[in-house]
Amino acid sequence: MVIAGAGSGKTKVLTHRIAHLVAVNCVDPFNILALTFTNKASKEMKERIAKIIGEGQARNLWMGTFHSVFARILRVEADKIGYPSNFTIYDTADTKNLIKSIVKEMQLDDKLYKSNFVYGRISNAKNNLIGPDQYLEDVDQMSNDASSGREHIGKIYKQYTSRCFKANAMDFDDLLFKTNELFRDHAGVMLKYQNKFKYILVDEYQDTNFSQYLIVKTLAARYQNLCVVGDDSQSIYAFRGANIQNILNFRKDNPEHNVFKLEQNYRSTKTIVQAANGVIKKNKGRIEKTIWTDNVQGEKIQVHRARSDNEEGGFVANNIFGTKMNTQAAHSEFAILYRTNAQSRAMEEALRKLNIPYRIYGGLSFYQRKEIKDIISYFRLTANPNDEEALKRVVNYPVRGIGKTTLEKLIVEANRTGKTLWELLNAPDPALFNSGTRIKLAEFGTMIKSFQTMLNDKNAYELGEHISSATGLLKDLYSDKSPEGISRYENIQELLNGMRDFTEKEAEREEGKIITLSDFLIDVALLTDADQDDEGDNDRVALMTIHAAKGLEFPYVYIVGLEENLFPSQMSLGSREELEEERRLFYVALTRAEKRVTLAYATSRYRWGDLIPCEPSRFIDEVDDQFLELPQAPSTSWGTGTGSRQSLFEKKISRPQKPLQTKKKIFAAPQMKMKSMNQANSMAPNSVASDIQGMTVGSEVEHIRFGKGKVTELEGTPPNTKATVFFPSAGKKQLLLKFAKLKLVQQ
DNA sequence: GTTTAGGCAATTTTT
DNA sequence: TTGCCTAAAC
């Protein structure tokens, strides 16, 4: 077991151990299993290993995320647990939709049984290997549900499980749950894999949940060659069932283990390492260790206060621009990290304004877009007609006259008879449907069947192309000429291009074998990034959530949105454990940086369309003063790089007197809208409001979002002047000058 | 069965 | 602000 502090070379340990096993100990790569949590981590590790031992050897390693590796094994062994090998993988959206329909069918209150909540309960149960029957008998679970008035969760769970089974589908958690089931009930299979995986390595061990822990333990039982690498200080997935206990259990399960602590940080400056140490010390439950570094002291951590999320973005963009000028750093040396994906927008806008290239990681991935999910649902249905979620999604898209009523009747019938929607659709009961509907259903069924006949003769790309036009989906998207419509059309084209690449590459690898649509589908649900966009300019600023940044490093890091209720998140204020997880998250963010960290917060921020006031995050306070450079008095000058030193004397961030606790109440009460905001925050005189001097009716102005426009009306007195502006691109807009930041266009 | 207007909730974090 | 859902008009 390697307990590796941030930046101590954890990945290097893993990659070199693997390389050493192969190159020096002559272990066959087929006998090595290496598990990671993210696709990104596994891809990076594979590349690094390939560099040492060569592409050919590296390719044969069993390396990937837990989910992808065990999905692969489950496909081979599916028949043992009653599944076909082409089972569908339901993603989160499919799962939630299925839960929604079950709640509806059971006539439960969907306000009480929100799909998110129910999914959370089911997922939690599965990750602790509690099946539906066991759940119904589990006193703890049942009383937990009863106490919140949701005593039917167990029944939903049971129904959900049987519906997935009927649809030949597994969700993400099933991939691990069923693997455990497989090994538990089929000793022969278990032995086979125990013998196969002579060496097992696990990255980010602190993030394993019980289900994953047990798989690893089972597989390693035969050879006991298990190497796990982790850092309890970087455990940030407890919300997903990750369990620090696993590190402690490891010691118990493997009495002959060795523990190696890596405490030297090779990544960051002294300032960063010491500041981060100070922060993480505030956590109670942790393995004692002190990270140190031989690196230079480095720059202090600059803290910047902005008035709004947009201004925060402006500061970051300007600061990147300035730093680049001073240091000749590449764009790719900068990263902007935030707590929630929604925060990316203000950053994007600011970067775009300065023409700084950027790339957003995570967020809504390519494969989660509606049009992509639609077309893939057709693919899924072709490969597995029992896939209920796919069928529901496309049966009436593009519109073909099979509406809600018909679908509901089919579902009721399916539940009554135990048949699948697909079976019923192909033999509709004349007593239930009129002839017109029966014809429409039959036509749909015939169409899908016609695709199925091509499944084995056509390759994935040909069939994909055929399906997108034969279903009318391509035509439907093509007819939409709005910018969004065009982009949707292009996305489909991109998917088809990706399929062509895939088909060609795989065909080459498999020496001419036809790569079918089913082959293409195998991993699609597990892909998160659109991996293909490696082309083009890669010198870009990186934007991502802190979770997504784990394992990465950048010379210059901006951590933005350091505000109470945002970071730490509102949801985490309930318990010490949750707050500690947020603190570890902050620790992860800090330790991503090599040379310099910049912290930023805004005193007001748009959330749900409302401008709400914000307080600086407690985490800023938790960084020792000696490492900080605090913001100067409100000013609009955006310090670049090493500027603005005078603030050293300034007191710790002036925090408004805390109103009586219970934060939630404060925000639940009539929210501070723009008007009240002004009074509370009394706009500084030199605010960055619109440039109102000389603005008259008829003036030409420019707006960040709407572009150029003409003022048609001005009313009210400063500072509450309101302008009506006509923008050719967006039409007539009413804007408050003090917020709109209009620029006067000189004529 | 289809289209559209209006009401309402939503934001943690990922495979 | 957006996106989803429902109810009513077509």
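Chain letters run A, B, ... following the sequence lines, proteins first, then strands; residues in each count from 1.
The side chain of A:Thr545 places an N or O atom within less than 4.0 Å of a non-bridging phosphate oxygen (OP1 or OP2) of B:dT14.
Taking a cutoff of 4.0 Å between a charged side-chain nitrogen and a carboxylate oxygen, A:Glu389 and A:Lys392 qualify as a salt bridge. At a threshold of 4.0 Å, the pair A:Asp309-A:Arg345 does not count as salt-bridged, since none of the basic side-chain nitrogens sits closer than that to a carboxylate oxygen. Under the 4.0 Å criterion applied to side-chain N and carboxylate O atoms, A:Lys40 and A:Glu44 are not assigned as salt-bridge partners.
Seen from the ring of A:Phe117, A:Arg150 counts as a face-on cation partner, given the 6.0 Å and 45° thresholds. For the pair A:Arg583 and A:Phe619, the cation does not sit on the ring face, since its NZ or CZ is not both under 6.0 Å from the ring centre and inside 45° of the axis. Relative to the ring axis of A:Phe366, A:Arg369 does not place its NZ or CZ within 45° and under 6.0 Å from the centre. Geometrically, A:Lys370 engages A:Tyr397 in a cation-pi contact, judged by NZ or CZ lying under 6.0 Å from the ring centre and within 45° of the ring axis.
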List, with names and distances, any nitrogen or oxygen atoms from the protein found under 3.5 Å away from nitrogen or oxygen atoms belonging to nucleotides 3-10 of chain C.
residue	atom	partner	partner atom	Å
C:dC5	OP1	A:Lys100	NZ	3.4

Produce the list of close N/O pairs, under 3.5 Å, pairing protein atoms with atoms of nucleotides 10-12 of chain B; give distances to one decimal.
residue	atom	partner	partner atom	Å
B:dA10	OP1	A:Lys114	NZ	2.6
B:dT12	O2	A:Arg339	NH1	2.6
B:dT12	O2	A:Arg339	NH2	2.1

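A:Asn396 comes within 4.0 angstrom of the backbone, heavy atoms only, and of no base. Across all strands, A:Phe66 comes closer than 4.0 Å to no nucleic acid atom at all (heavy-atom distances). Residue contacts shown for A:Tyr237 are limited to sugar-phosphate atoms, with no base heavy atom under 4.0 Å away.
Applying the salt bridge (charged side-chain N to carboxylate O under 4.0 Å, His left out) test to residues at least two apart or on different chains, the pairs with a partner in residues 111-124 of chain A are A:Arg121-A:Asp145.
When rounded to the nearest whole Å, the span between CD of A:Gln234 and C1' of B:dT13 equals 15 Å. Distance CZ (A:Phe433) to C1' (B:dG1): 14 Å, rounded to an integer number of Å. One interatomic measurement links the two molecules: NZ of A:Lys96 to P of B:dT15, which rounds to 14 Å at whole-angstrom precision. Look at CZ on A:Phe177: it is 17 Å from C1' on B:dT15, rounded to the nearest Å. We find that CZ of A:Arg592 is positioned 19 Å from P of B:dT13, with the value rounded to whole Å. We find that CE of A:Met544 is positioned 11 Å from P of B:dT14, with the value rounded to whole Å. Straight-line distance from the CZ atom of A:Phe172 to the P atom of B:dT13: 15 Å, rounded to whole Å. A:Asp173 has its CG atom 15 Å from the P atom of B:dT14, to the nearest Å.
Residues A:Gly403 and A:Thr92 both approach DNA chain B. Their nearest nucleotides, taken by heavy-atom distance, put A:Gly403 toward the 5′ side.
Among B:dT15, B:dT13, B:dG1, the nucleotide with an atom closest to any side-chain atom of A:Thr406 is B:dG1. Comparing B:dT15, B:dG1, B:dT2 by their closest approach to the side chain of A:Tyr119 singles out B:dT15.
The aromatic rings of A:Phe239 and A:His547 lie perpendicular to each other, with more than 60° between the two planes, well past the 30° mark.
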Item checked: Candidate pair A:Phe165 and A:Tyr83, rule ring-ring contact (aromatic ring centres under 6.0 Å, His included), full reasoning -> CA-CA 8 Å; A:Phe165 185 70; A:Tyr83 270 86; 5.2 Å; yes
